Amino acid sequence: MSGDHGERDSQVNSGSRANDAHKHKDKHKEHRRKEHKKDKEREKAKHSNSEHREHSEKKHRDKEKERLKHSDGSVDRHREKQKEKDKEKRREEKVKSSHVEGKPKKEKENGHAREMWNSPSPPAIKSEPEEDNGLYPSPKHNKTLKRERDEEEFEYKPQKIKTENGKKAKKRKQEYEDEEEEEDIKPKKKTKDKKAGADGKKAKKETEEKWKWWEEERSTDGSKWKFLEHKGPVLAPPYEPLPGHVRFFYDGKHLRLSAPAEEVATFFAKMLDHEYTTKEMFRKNFYKDWRKEMTSEEKSKITDINKCNFTEMSEYFKAQSEARKQMSKDEKLKIKEENERILQEYGFCVMDNHKERIGNFRIEPPGLFRGRGDHPKMGMLKRRIRPEDIIINCSKDSKHPKPPQGTRWKEVRHDNKVTWLVSWTENIQGSIKYIMLNPSSRIKGEKDWQKYETARRLKKCVDRLRAQYREDWKSKEMRVRQRAVALYFIDKLALRAGNEKEEGETADTVGCCSLRVEHIKLYPKMDDQEYVVEFDFLGKDSIRYYNKMPVEKRVFKNLQLFLENKQPEDDLFDRLNTSILNKHLQELMDGLTAKVFRTYNASITLQQQLKELTSPDESIPAKILSYNRANRAVAILCNHQRAAPKTFEKSMQNLQTKIDEKQKQLSATRKQLKGAKTEHKASHDDRSKKMVEVKRKAVQRIEEQLMKLQMQATDREENKQIALGTSKLNYLDPRISVAWVKKWDVPMEKIYNKTQREKFAWAIDMAEEDYEF
DNA sequence: GCCGCTACTTAGTATTCGGATC
DNA sequence: GATCCGAATACTAAGTAGCGGC
């Protein structure tokens with residue numbers, strides 16, 4: 001790294017004025033500027049909403065970092081509340097002319113700049129592989145590319161294949177073949193069941209009965225299936241009017257509502273205890289849509305939502321739900337059986353000669369839209385979906401699902417280039433909703449497998465890519481620099497790509513490419529660190545991302561440049577969007593998109609953490625704790641948060657009580673052991689000898705139980721506000737976990753529950769203990 | 001190159017289930 | 001048998017990304 005680029009940076013990029021911004025981005029700008037004031041207010045509200053969560057999130061991140069003994073504990077997450085408040089104040093102040101707090105002195109890019117992959121990146125756990133190859137030899141890489149197939153062994157026989165015409169078909173075919181070439185797995189013949197652990201028999205049964213689609217060849221003509229038959233969706237039950245004694249009051253007076261108006265009112269009443277119904281936006285949207293369902297008489301009478309009293313309705317529903325809980329065993333069993341019958345009838349389809357489980361076979365019932373975060377459409381009426389709204393997708397030669405009597409489907413089509421069975425357009429955003437197969441299905445599993453293979457290919461070339469974007473930081477072209485810095489963030493911080501969103505249609509959330517000036521702050525010096533970037537924005541689901549990261553000087557200088565002459569509401573990367581970025585990534589590696597980095601970094605982190613944290617000698621519970629910690633490291637990297645369970649404090653207390661009791665029991669048993677030893681010393685007889693042995697074993701057993709409880713408590717505490725599920729299900733190559741389980745003889749069901757074992761059956765079957773991501 | 005549309009994955013929360021405990 | 005509570009499952013919103021048309 002040479003030091004002469006700092007000045008050149010600003011010269012080269014003096015063209016980086018806001019008026020140079022991309023056309024498509026300009027379009028939004030003016031509007032945004034106008035909205036900015038409003039936004040600020042909203043932001044404030046949002047932040048205060050998420051503050052409690054963020055605070056403990058930080059606490060947890062800190063804890064995690066400390067635990068992982070990161071080499072540099074410098075990443076400050078502002079643990080103290082006071083600091084939080086200060087920050088809030090700062091945010092309230094208008095971001096003034098510069099977002100750079102204090103001008104950076106001209107310094108040489110020298111030893112101050114950290115070695116990139118040793119730098120403390122906030123999820124402190126993230127460390128990078130140093131080498132493309134070598135460090136992570138993949139023993140399977142050189143094995144046969146093709147899947148093994150034994151047609152006699154498996155019942156799968158493709159039905160009549162509808163051929164695809166023209167160029168598209170050829171193109172698709174080519175793509176598919178290319179994918180096949182990329183694949184570098186040779187599935188192993190059979191999972192060793194002996195290590196399946198405690199319920200080994202059950203696990204064995206599970207695998208034996210399952211169709212091993214991963215041992216068969218994939219279709220190469222671009223079609224997703226050859227034959228598809230299903231029974232269609234389960235529609236929402238019709239509205240049942242309230243009994244006469246349940247009343248609605250307006251302005252203190254009883255008002256009988258028409259059925260359509262009453263139905264919408266019940267949606268609101270059912271949510272009365274929820275915070276949603278106190279939100280102005282929610283009430284406004286609800287009221288507007290409710291009026292559309294009212295008769296003209298109702299419309300003239302009901303003019304103010306604040307005069308509406310839904311309490312009796314709400315009480316009625318609460319009583320009903322209570323009554324459901326109080327039902328007799330028989331009644332409950334009846335309901336269960338009926339549900340099971342519906343599941344059996346509608347919950348499965350036949351796809352290419354195999355019965356497959358459907359993921360969601362029920363049409364979403366009507367209700368009030370519950371957007372996440374500060375959603376402008378919250379409270380709007382989600383209307384009832386009728387058969388006339390529904391498109392059915394199935395084979396021409398299958399038995400088509402029948403619509404309810406007297407109705408018809410919107411359309412029945414036979415498109416085997418898609419995986420969905422049923423679709424409809426919802427009225428809130430106008431987006432299409434689908435009924436698709438369960439994650440355990442072939443069609444989902446193959447895609448999942450492919451996803452991890454792409455991530456593994458990234459592993460092979462990530463060093464080249466990193467070198468490239470580092471080089472691009474120095475580019476003469478602004479767009480190249482922006483692209484390179486954005487990619488650095490995506491790689492280093494596992495940020496999402498950040499597609500553009502239509503304003504006013506959804507909550508104001510961002511990802512990497514859509515970051516705005518107001519979302520970052522630059523600190524040339526902070527505490528003992530240089531070139532610190534502070535990120536503070538709302539990401540997917542309006543989950544706050546807050547982080548501070550020291551970056552290399554060149555990144556810092558570039559960021560300063562990107563911020564020049566911009567307003568807080570302007571795009572940080574005004575020459576970049578996800579489409580541009582992904583096009584670039586595609587050129588670097590076939591199939592590479594921004595989200596592959598998240599998969600790659602998550603999986604590689606798990607693998608590294610497992611290597612680091614697992615001690616061969618520790619007990620099974622300790623190993624499980626290590627696994628969960630590795631999983632947690634990934635969840636933190638990906639910013640997967642959850643609201644602390646409502647019962648958290650109580651459940652921790654309960655566990656602590658158990659621990660205390662166990663400790664008492666332990667010391668009592670130890671005393672008994674001591675007594676037994678003394679007695680044995682005196683008498684030297686067999687009976688006393690036996691007693692010593694018995695007590696010794698008891699002490700040992702209680703010690704183990706205590707340790708297990710302590711592990712559980714630690715795990716639970718560390719997990720308070722971190723959601724492990726999302727990363728486990730979507731980002732972590734299951735073969736890493738499977739290999740780990742097999743290597744250390746940990747029962748599979750301690751890591752994956754039944755559903756997860758079904759989803760990852762392919763990985764459980766094919767990965768051996770030597771698997772390397 | 002932009003835009004709208006479509007298909008699919010990823011996400012957090014609400015509800016239900018089922019085993020442990022009283 | 002009732003109650004409690006954590007785990008599993010259901011639900012559906014909110015992302016990513018590709019494609020085709022203009």
Side-chain angles (χ1 to χ4, degrees), chain A residues 22-25 27 53 168 171-172 175 224 271 274 321 324-326 328-329 332 335-336 339 343 347 359-365 367 369-373 375 377-378 382 393 415 417-420 423 425-426 428-439 443-444 447-448 451 496-502 505-507 509-514 538-543 577-583 585-586 591-596 598-599 602 635 638-643 645-648 650-651 654-655 658 712 716 721 723 725-731 752-756:
Chain A
H22 256 232
K23 221 168 78 187
H24 66 280
K25 291 211 171 188
K27 228 178 90 179
R53 179 188 278 196
K168 272 191 225 166
K171 196 184 160 200
R172 233 186 293 262
E175 281 168 2
K224 303 284 167 67
M271 292 177 75
H274 204 288
S321 120
R324 262 196 304 277
K325 280 182 206 160
Q326 297 302 324
S328 72
K329 235 182 178 177
K332 280 184 184 167
I335 293 175
K336 206 181 160 188
N339 283 337
L343 173 70
N360 54 323
F361 53 88
R362 288 173 203 273
I363 297 284
E364 293 173 20
F369 176 72
R370 304 153 84 127
R372 312 221 173 109
H375 202 294
K377 296 190 171 183
M378 64 168 79
K382 229 175 82 163
N393 192 30
D415 182 0
K417 302 293 177 294
V418 296
T419 67
W420 54 266
S423 77
T425 304
E426 55 92 34
I428 304 290
Q429 328 259 11
S431 64
I432 307 169
K433 299 262 185 164
Y434 303 93
I435 287 182
M436 292 184 188
L437 294 193
N438 185 273
I443 218 160
K444 294 284 183 191
K447 206 69 191 296
D448 214 30
K451 172 180 78 185
R496 294 188 186 83
N499 279 338
E500 281 158 281
K501 301 167 73 182
E502 224 176 305
E505 293 292 302
T506 57
T509 62
V510 296
C512 185
C513 293
S514 50
L538 298 178
K540 183 176 178 178
D541 293 319
S542 294
I543 296 291
N577 61 32
T578 52
S579 163
I580 295 170
L581 178 65
N582 282 337
K583 240 173 232 166
L585 292 176
Q586 195 62 241
L592 184 61
T593 62
K595 98 185 174 83
V596 177
R598 240 167 112 81
T599 313
C638 295
N639 202 37
H640 290 145
Q641 298 183 44
R642 63 168 183 172
K646 283 173 196 148
T647 53
F648 183 80
K650 201 178 165 197
S651 99
N654 289 349
L655 201 50
K658 276 189 191 170
Q712 211 181 332
R716 196 174 294 175
Q721 286 177 286
T726 306
S727 49
K728 198 186 253 187
L729 283 177
N730 302 301
Y731 288 105
Y752 289 138
N753 66 30
K754 187 167 172 279
T755 316
Q756 292 162 344

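Numbered from 1 within each chain, the chains take letters A, B, ... in sequence-line order. Just so you know, these numbers come straight off a predicted model, no measurement behind them.
When the side chain to side chain contact (heavy atoms under 4.5 Å, CB included) test is applied to T599(A), the partners found at least two apart in sequence or on another chain are K451(A), Y452(A), A455(A), Y731(A). Looking at residues two or more places apart in sequence or on another chain, you find a side chain to side chain donor-acceptor pair (under 3.5 Å) between K433(A) and E364(A).
One atom, CD of E500(A), and another, P of dC3(B), lie 8 Å apart when rounded to the nearest Å. Put simply, NZ on K501(A) is 4 Å from P on dG15(C), counting in whole angstrom units. One can place NZ of K583(A) at 10 Å from P of dG18(C), the figure rounded to the nearest angstrom. In this structure, the CD atom of Q641(A) is 12 Å from the C1' atom of dA11(B), given to the nearest Å. One can place CG of N360(A) at 12 Å from C1' of dC8(B), the figure rounded to the nearest angstrom.
For dA7(B), neither phosphate oxygen OP1 nor OP2 lies less than 4.0 angstrom from any side-chain nitrogen or oxygen of K447(A). Taking only side-chain nitrogens and oxygens, H640(A) comes nearer than 4.0 Å to OP1 or OP2 of dA11(B). Of the side-chain N and O atoms in T509(A), one or more sit less than 4.0 angstrom from OP1 or OP2 of dG15(C). OP1 or OP2 of dA13(C) has at least one side-chain nitrogen or oxygen of K382(A) nearer than 4.0 Å. Taking only side-chain nitrogens and oxygens, K444(A) comes nearer than 4.0 Å to OP1 or OP2 of dT9(B). Residue K377(A) places no side-chain N or O under 4.0 Å from the OP1 or OP2 atom of dA13(C). For dG12(B), one of the phosphate oxygens OP1 or OP2 lies less than 4.0 angstrom from a side-chain nitrogen or oxygen of T726(A). At the phosphate of dC8(B), OP1 or OP2 sits under 4.0 Å from a side-chain N or O atom of T419(A). Here K595(A) reaches the OP1 or OP2 of dT10(B): one of its side-chain N or O atoms lies under 4.0 Å away. Between T593(A) and dA17(C) there is a side-chain N or O to OP1 or OP2 distance below 4.0 Å. Regarding contacts with the backbone of dG15(C), every side-chain N or O of N499(A) stays at 4.0 angstrom or more from both OP1 and OP2. A sub-4.0 Å separation between OP1 or OP2 of dA11(B) and a side-chain N or O of R598(A) is present.
Residues I428(A) and K382(A) are in side-chain contact: their nearest non-hydrogen atoms beyond the backbone lie under 4.5 Å apart. At least one side-chain heavy atom of L581(A) sits less than 4.5 Å from a side-chain heavy atom of C513(A).
No contact: G725(A) has no heavy atom under 4.0 Å from any strand. Looking at heavy-atom distances under 4.0 Å, K332(A) makes no contact with the nucleic acid at all. Residue contacts shown for P365(A) are limited to sugar-phosphate atoms, with no base heavy atom under 4.0 Å away. Nucleic acid contact for R372(A): base, since at least one base atom lies under 4.0 Å from a heavy atom of the residue. Base contact: Y434(A) has a heavy atom under 4.0 Å from a base atom. Residue contacts shown for K540(A) include a base, since a base heavy atom lies under 4.0 Å away.
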For nucleotides 19-22 of chain B, list the nitrogen or oxygen atoms of the protein found under 3.5 Å from its nitrogen or oxygen atoms, one pair per line.
none

Which protein N or O atoms sit under 3.5 Å from an N or O of nucleotides 14-17 of chain B?
| unit_1 | atom_1 | unit_2 | atom_2 | d |
| --- | --- | --- | --- | --- |
| dA14(B) | OP1 | H274(A) | NE2 | 3.2 |

Every protein N/O lying under 3.5 Å from an N/O of nucleotides 3-8 of chain C:
| unit_1 | atom_1 | unit_2 | atom_2 | d |
| --- | --- | --- | --- | --- |
| dC5(C) | OP1 | K650(A) | NZ | 3.2 |
| dC5(C) | OP1 | N654(A) | ND2 | 3.4 |
| dC5(C) | OP2 | K650(A) | NZ | 2.8 |
| dG6(C) | OP1 | S651(A) | OG | 3.2 |

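For the residue pair N499(A)/T578(A), the side-chain donor-acceptor check at 3.5 Å is satisfied.
Comparing the local axis fitted to the first five base pairs of the helix from dG1(B)-dC22(C) to dC22(B)-dG1(C) with the one fitted to its last five gives a bend of 10°, rounded to 10°.
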